[in-house]
Amino acid sequence: MVKSKSFITDNERVLAHPYIHDCIVYDIETDGLDVDTANCKFFGAYSYKYQKYYIMHQDEKEQIQKIMGEHRIHVGFNNKWFDGPILENHNNNIDLTYKIVFDCLAVLYDMERHRPNRESLIEFNGKTLAEQLDNRKLKTIAEVLGFPVSKGDIDYRIFKQDSWTPGELNEIYKYLFLDVDITRRLFEFYLTYFDNFREYVDDDNIKKLNYIRSSAGSFSYSAFCHMAKLPFEFEDDPLKKLVKPENHGGFVLAPQVKYAEGTMVYFDFSSLYPFIYFQCNLFSHGSNGDTDWNGDNFFDVKGNYKTDKRGKVESLLRDIYYKRAAYKKVKDPRQLALKIMMNSLYGISGSPIFKSLFDPLTPGDCTSIGRKHISYAKEVFEDHGIKVIYGDTDSCFIQLPEGMSVADAQLIADQIVKDLQSHMPFPDEGFKFKVDEVFHKLWLFGKKNYAGFDDHQQLTVKGLPIIKGDASLLGQLIFKQLKPLMLSRQDIKFDRHFIETIIDAEIHKDLTLVGRVYNVRKPGDYKSVSSLHCQIAQHFGEGLHLLIPNKTLGAVGRSKKYATVDECKSLTVSDLILDKTWNELEPFIK
DNA sequence: TTAGGGGATAACTG
DNA sequence: GAACAGTTATCCCCTAA
């Protein structure tokens, strides 16, 4: 059976969107970067209303105002913080009030809160965008998504001029058109990728394209309110917003060994928190002390929950789980929205702003029940002579003893589930404690820090400094070089001398490799003015900065100095401070 | 001068 | 416009020896 949807091309789907004709994609070229004083020299746009491209000059402000005024939704790249404010400043005086700002950059990453948004949700060619993007420039994003991208950049000094030769104008128009076109493609990618999210929210959300722009938590809240017919409202009371429910979170078992080989099985309670919610009815507080569930003298919970009937939110959550499981099985992309709803409900229930789903007892009881799950599993495994060598929240690594098979361990896991469910008011047959992966080598460096090789000879690295976004460029480069060797040897450890040689060769080629990218907030956002990040913000402004730790040069730093790429030119190898890089590589040294 | 604790910060795991 | 807790590493600041 061919699904009817497969006859719709992406572009048709974009054009079928109920509010597409309210959208305009635009980009501007300016004579400076200061949003308060920059002049808009050229304006380029694509209107879905008229299905036409436009290019306008700075003298055509009235036309710019007219075309922008005719569209309710303004799509751009970084237009929330750059293009929009510049058009509105006193030099340009374009009125953009009451418009919906659709910022293609903000869809991926929330610059204000320094938090990834949809970049960790969007999968493309088997990996998330967060994993594939080295930076968040429009061009980089376009390249990853396979859009045609022009080579090289225009010389921005051209926008300081006030008159241009026909040849220069031709170059500017071409450049502007391409930027608008890439932004348009990115916008259409989002519209297509998140199209099925519309199914779960109300029309107001769709009108504002909130189902694409908002955080995962906010989308889920909208969806739950809409589907469970709860009032869609937020907590306004500033005092109530600060309420912190008592919640001890997940249990993390410290690694019991530093290294293990043989058969290490990673067991995992699938969708632990969602299942706890609907198996224990945690959104439905009871008032009848006799029939209410209070942990059955097995789980440690503070609330009393109804046992006569599963609640509205719990039933909805259960439906979402099974619908998502069915979609996932046939690789239907509609699984994503449901997965997000499922996984963020716990977070929503612990956040007072999400008024209709917030509960002071529910999240703490959920994590308490969760901790009991993993501690009980550990107990039972150990009763069977199986060592539990590490665990985190909903999962654990066990080391199989001689003569025991993975299937034997699975039987024990099945019994663990039965035991746990015998104390729940609404046990559900879909709840599983199952094998997620089998490892044959495992290095446990600490809580949330480990590496290992699985049955498919693949390398897993969790939490180590080297995989973090603020790792030194040098560390990242060397790790990239070592990875194929690790895979072929099925070992992560190397001689110190070997790594020393590579480090030496690389830093002599390029000193700036020792640098790290610092992602800093506005200077005023810091509690501690003396902190390194605040110093960087004060000197270089908000955003991303590549700085090179060294002994002598640079305006920021105390025990260490931090030089810019320019300053770095007068440094020598002996000035550099390599301790961060060494620390990143330490786990890979014998 | 050094060692080490405490606080702030970023970025991760689940 | 708005998700949660637990954990690591890094760096600054301060105090004790």
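A quick note: this is a predicted structure, and the numbers were derived from the prediction, not measured. Residue numbers start from 1 in every chain, and the chains themselves are labelled A, B, ... in the order their sequence lines are given, proteins ahead of strands.
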Aromatic ring proximity Tyr221(A)/Phe234(A), centre distance under 6.0 Å:
yes
Check: Tyr518(A) ring centre within less than 6.0 Å of His533(A) ring centre:
yes
Check ion pair Lys580(A)-Glu584(A) (N to O, under 4.0 angstrom):
yes
Side chain to side chain donor-acceptor pair (under 3.5 Å) for Asn196(A) and Tyr211(A)? Distances and angles first, verdict last.
CA-CA 10 Å; Asn196(A) 61 67; Tyr211(A) 65 97; over 6 Å; no
Contacting residues from residues 579-590 of chain A, given that a heavy atom lies under 4.0 angstrom of DNA chain C:
Lys580(A), Asn583(A)
At 4.0 Å (heavy atoms only), tell me whether His248(A) reaches a base, stays on the sugar-phosphate, or touches nothing.
sugar-phosphate
Hey, can you tell me if His74(A) and Tyr26(A) have their rings parallel, tilted or perpendicular (30° and 60° cut-offs)?
perpendicular
Classify Lys447(A) by what it touches in the nucleic acid, base, sugar-phosphate, or nothing, heavy-atom distance under 4.0 Å.
sugar-phosphate
Counted 5' to 3', the first and last nucleotides of DNA chain B within 4.0 Å (strictly under) of a heavy-atom of chain A are dA8(B) to dG14(B)
What nucleic acid atoms does Phe251(A) come within less than 4.0 Å of, heavy atoms only: base, sugar-phosphate, or nothing?
nothing
Reading DNA chain C from 5' to 3', where do the contacts with chain A start and stop? Cut-off is 4.0 Å to heavy atoms.
dG1(C) to dC13(C)
Counting only non-hydrogen atoms, which of residues 527-563 of chain A are less than 4.0 Å from DNA chain C?
Ser530(A), Leu532(A), Gly557(A), Arg558(A), Ser559(A), Lys560(A), Tyr562(A)
Assign the ring pair Tyr277(A) / Tyr346(A) to parallel, tilted or perpendicular, where the plane angle (0 to 90°) is split at 30° and 60°.
tilted
What residues, two or more places apart in sequence or in another chain, satisfy side-chain contact (heavy atoms from CB on, under 4.5 Å) together with His539(A)?
Ala555(A), Val556(A)
Does the ring centre of Phe494(A) sit less than 6.0 Å away from the ring centre of Phe588(A)?
no
Is the distance between the ring centroids of Phe102(A) and Phe187(A) under 6.0 Å?
yes
Please tell me whether Phe77(A) and Phe82(A) form a close aromatic pair, meaning their ring centres lie under 6.0 Å apart.
no
Quick check on contacts: within residues 343-368 of chain A, what sits under 4.0 Å from DNA chain C by heavy-atom distance?
Tyr346(A), Gly347(A), Gly350(A), Ser351(A), Ile353(A), Phe354(A)
